[in-house]
Amino acid sequence: MKRDYSFTATVTDLSTGNREQVSDTARFDHPVSKADATTAIRNELARQDRPATGITLTD
């Protein structure tokens, strides 16, 4: 069962120092809790050198 979570987060672009609010949808190929989805989203944005704060999930 796939799971989708829409999210909004404030991210900081480390190369420019600019902050922006982003909205997107995270798609998972397996069931995942909101806590695990938040962690995965935070980790992926950090990997892109765009650390996030204030991540809000919706189903």
Side-chain angles (χ1 to χ4, degrees):
M1 176 177 147
K2 294 184 180 183
R3 182 69 188 197
D4 293 351
Y5 282 108
S6 296
F7 69 92
T8 302
T10 301
V11 298
T12 303
D13 186 332
L14 294 181
S15 63
T16 64
N18 293 336
R19 292 177 64 125
E20 64 179 328
Q21 190 159 354
V22 297
S23 296
D24 204 348
T25 300
R27 291 187 171 87
F28 298 92
D29 291 337
H30 54 281
V32 12
S33 69
K34 281 190 172 187
D36 289 341
T38 301
T39 299
I41 292 165
R42 186 179 316 277
N43 289 344
E44 177 59 22
L45 289 169
R47 188 189 66 74
Q48 296 173 15
D49 288 334
R50 300 172 59 206
T53 60
I55 297 174
T56 305
L57 295 178
T58 55
D59 293 341

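In what follows, every heavy atom counts, from backbone to side chain, and hydrogens, waters and symmetry copies are set aside. Keep in mind the model is a prediction, meaning the values are calculated, not measured.
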## Note on the structure
Apart from Leu45 itself, its cluster of hydrophobic side chains linked below 4.5 Å comprises Tyr5, Phe7, Val11, Val22, Phe28, Val32, Ile41, Ile55, Leu57

### Message
Test: salt bridge (charged side-chain N to carboxylate O under 4.0 Å, His left out). Region: residues 16-33. Which pairs qualify, not counting sequence neighbours?
### Response
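Output for this query lists Asp4-Arg27, Glu20-Arg50.
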
### Query
So which pairs with a foot in residues 32-43 pass salt bridge (charged side-chain N to carboxylate O under 4.0 Å, His left out), sequence neighbours left out?
Lys34-Asp59

### Task
With sequence neighbours left out, write down each residue that passes side chain to side chain donor-acceptor pair (under 3.5 Å) with Thr53, or none if nothing qualifies.
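For Thr53, no residue satisfies side chain to side chain donor-acceptor pair (under 3.5 Å) once neighbours in sequence are set aside.
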
### Query
Excluding sequence neighbours, so at least two apart, what forms side chain to side chain contact (heavy atoms under 4.5 Å, CB included) with Thr58?
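Partners of Thr58 by the side chain to side chain contact (heavy atoms under 4.5 Å, CB included) criterion, ordered by chain and then number, come out as Ser6.
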
### Residue list, side chain to side chain contact (heavy atoms under 4.5 Å, CB included) with Asn43, at least two apart or on another chain
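Testing Asn43 for side chain to side chain contact (heavy atoms under 4.5 Å, CB included), a comparison that skips the adjacent residues, returns Thr39.
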
### Message
If I compare all heavy atoms of Pro51 with all of Leu14, which pair ends up nearest, and what's the gap?
### Response
CD-CG, 3.7 Å

